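Here's the structure we're looking at; comments come further down.
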Amino acid sequence: MAVPIWMRASTRPRLRKNLYLRVPVYDYLIVAGLLIIVTLLCKTTGKFFNLTDVAMLYLVPVLYAGARTNLYISAGTSVVGVLLFDLLFVPPLYVFSVSDLHYLVTFAIFLVVGIATSVISTRLRWQAAETNLAIANLRTLYDLSKELTAVTEINDFAGIMVRETSRTVGDDTVIYLPDPTGRPELFAASDPSSSIATSNKERGVAEWTFENGQEAGYETDTLPGAEGFYVPMKLEDTVLGVIGVNTSKETSEDLPEKKDLVVAVARLATLALNKMLLSMTTQHVKNLEESERLRTALFNSMSHEFRTPLASITGAVTSLMTEDIYSADERADLLMTIEEGATRMNRLVRNLLDIARIESGTVKLNLGWCDIPDIIGVAVSEYEEEWKMRPLEIQTQEDLPLIKVDCQLLSQVLSNLIDNAIKYSPQGSEVRIAASADENSVVLSVADRGQGISNQNREKVFEKFYRLQTPMNVSGTGLGLSICKGIVEAHGGGIRVEDNPGGGSVFVLTLPAERLRPEDILDEGAL
Amino acid sequence: MAANPESAARILVIDDEPEIRKLLRVALGAHGFHMLEAGSGREGLERAALDHPDLIILDMGLPDIDGLEVVKSLREWSTAPIIILSVREQEDQKIAALDAGASDYVTKPFNMGELMARIRVAFRNLVPQANTPIVEIGGLHMDLYARKTTVDGKEVRFTPTEYEVLKYLAINAGKVITHRQLLTHVWGADYTPDIQYLRVYIGQLRKKIEPNPSNPSYIITEPGVGYRLSTPESSA
């Protein structure tokens, strides 16, 4: 298995650096202290320790120095230990000479142990540090990848990339992504006023990287005069974008590591970017399919829906034009038919425009503080003629708050529900509209005395083009309720249908709207 | 009834749809008006300057000049009432036109009775209203001089702000008043509070004067635009 690039780090410079590793003063003191203690201990206890024991005891400071300090100090400690041992304990005493050549072997072992300990421990410590660094980098990359998975907008992606990269690497970062014509364009910069974001030379290097799909810039083979180090986000042969990091301020020791990190970040970004592009394409295809399906359904439903009122209008108009046999009442009836047909067609057009807007996701809520009775009033007034023929009851709770919604769209939801209530219930039967508010939401309902909706249809009625088969043979497009649902959901609310006790259905809207109590306004207004 | 071109009020219709102009020619003629017509904004401005119509009916969606620009140009020198014809999608333009000095609006497809009512209201508002301190609409009776209001004979009391709102609607009875016009008038141009103030005061007023505040018969909401105090002649 290939070692991930951020794990592969250049070992040599690091190890050499460790030879000169700065050692805290107290470690010098401890080493010196240990040497003194061992010396005094062995000197004062007289013959208690034999020479081998003394040699072993002198290994203690050597081992400590090896484990805690750098190679020079531990080698030095070994030498000092050897000298002290020789001078103070090995006969002849108090001269740097040995009577038995055997002791030279002891001295050699001493030196070897000291240096070996130091080398091994230094390497271990270095590896630990390196592992920690790798873990830190991994964590950074993991965090970044987590953050990137949540991103769906290309601008968010670019923003997060420059922010996180510059935070991790510690240098100014820029990201280039192709514009609609495929030319690389500076999409985001961690600091828009930084030199790599503003200089034309830097832009040129980024463009070269984009064109050629190879790293370029600072301390590379191509255009090394640049401040930035540019890495392509490349998938197979396609360059999706370029990340540039101003590595010119890094020391030559840190540079390889920083560059590795930038490359790793770029790979991660490539995957995230690719995923995002794919899902955008998928979404696009899905939208196309959906709009194709919608178009077919619309054609089927529309040709019928438009012809019906058109037929009645044409029929009535041609009757009035060609035959002069109608009484005044009959003429009024025919004219009424024309008006109804025209109103019907106007509603159809409105519904079509609305569904197109909801489908394309361009419903923009024009949020404002709305008075609930006012919303109801606007919807109710559209059916003025109807209320002359059937009872309308409106129950609104006292002291309803103002709610922050799109007043007109919400009126339209109510209007569609009222239209349904009228169409699907017997003539002359009551329509009841109610509004109440509790701590969490505002509830609006429209109740009719129709034949009700069976359990299995209660979800389906809100689907596009789904229409109930009723003995009344009601005309319609099957769009009204799906528009209601679209609008209510855009407000973060819900819509459902329930049984109306005593017969019929109740359509209930629940809106978690922000509210404002009239008293608060009036108090303010009194200022 | 045939229009007498010499004495009839002259109405200029600026609309690029020949069908609409034809329809209006018949209907306006039957109501005793003399109709002038223009098929584009430029032509409309020319006709207005040459013929000095008494009232202008203006379509917002003209092919050459934006309807709002036509209103602004007209208002530079003409005080003739302007009634906007618009489709639902031109809401913002319509409000801008009203705030720029148009008198009223009718949404296409329109009810001819409604358009005629708007025309009557516009002409009536040309006559200064100050010498008629009594406003009477159905059961609502306002004596602006005595600051006394009764609904179905019963006296209703208002807070000063409520009264100002109702009074402004009443002296413009039948005409649409945009949110901004009402706010500027009642609270002054320097301090224009948010629309929610208006919603609350209208809500309070309706509780006091409407038999059913959720289905008002006096203060009518013009969705997204403003309010209108209904008059027998403003409703079709």
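All values derive from a computational prediction rather than experimental measurement. Any value given below was found using the heavy atoms of this structure, including those in side chains, with hydrogens, waters and symmetry copies removed. Order of the sequence lines fixes the chain letters, A, B, ..., with proteins taken first and strands second; residue numbering starts at 1 for each chain.
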Q. With only heavy atoms counted, which part of Gln395(A) is less than 4.5 Å from chain B, the side chain, the backbone, both or neither?
A. neither
Q: Please check if atom CD in Glu339(A) has more than 12 non-hydrogen atoms from other residues, nucleotides or ligands closer than 6.0 Å.
A: no
Q.
Please classify the contact of Ile394(A) with chain B as side chain, backbone, both or neither, using a heavy-atom distance under 4.5 Å.
A. side chain
(Q) Counting only heavy atoms from other residues, nucleotides and ligands, does the tally under 6.0 Å from NZ of Lys148(B) exceed 12? (A) no
Q) Measuring heavy-atom distances to chain A, does Pro216(B) have an atom under 4.5 Å in its side chain, in its backbone, in both, or in neither? A) side chain
Q.
Is Asp374(A) close to chain B through its backbone or its side chain, or both, or neither, when contacts mean heavy atoms under 4.5 Å?
A. both
Q | Heavy-atom donor-acceptor pair, Arg199(B) side chain to Leu402(A) backbone, under 3.5 Å | A | no
**Q.** Atom pair CD/OG of Glu384(A) and Ser217(B) - distance to nearest 0.5 Å
**A.** 9.0 Å
(Q) Would you say that more than 12 heavy atoms from the other residues, nucleotides or ligands in this model lie under 6.0 Å from the NZ of Lys108(B), or not? (A) yes
Q: Between chain B and each of Gly377(A), Ser411(A), Ala435(A), count heavy-atom pairs under 4.5 Å; write down the option with the most.
A: Gly377(A)
**Q.** Region of Ile433(A) that comes under 4.5 Å of a non-hydrogen atom in chain B
**A.** neither
Q. Which atoms of Thr396(A) come close to chain B, meaning under 4.5 Å heavy atom to heavy atom: side chain ones, backbone ones, both, or neither?
A. side chain
Q: Count the heavy atoms belonging to other residues, nucleotides or ligands that lie under 6.0 Å from NZ of Lys207(B), then report whether that count exceeds 12.
A: yes
Q | Interface moiety of Leu353(A) toward chain B, non-hydrogen atoms closer than 4.5 Å | A | side chain
**Q.** Ile195(B) CD1 to Cys407(A) SG distance, which is reported to the nearest 0.5 Å
**A.** 8.0 Å
(Q) In the structure I gave you, are the side-chain heavy atoms of Asp371(A) and Gln204(B) within less than 4.5 Å of one another anywhere? (A) no
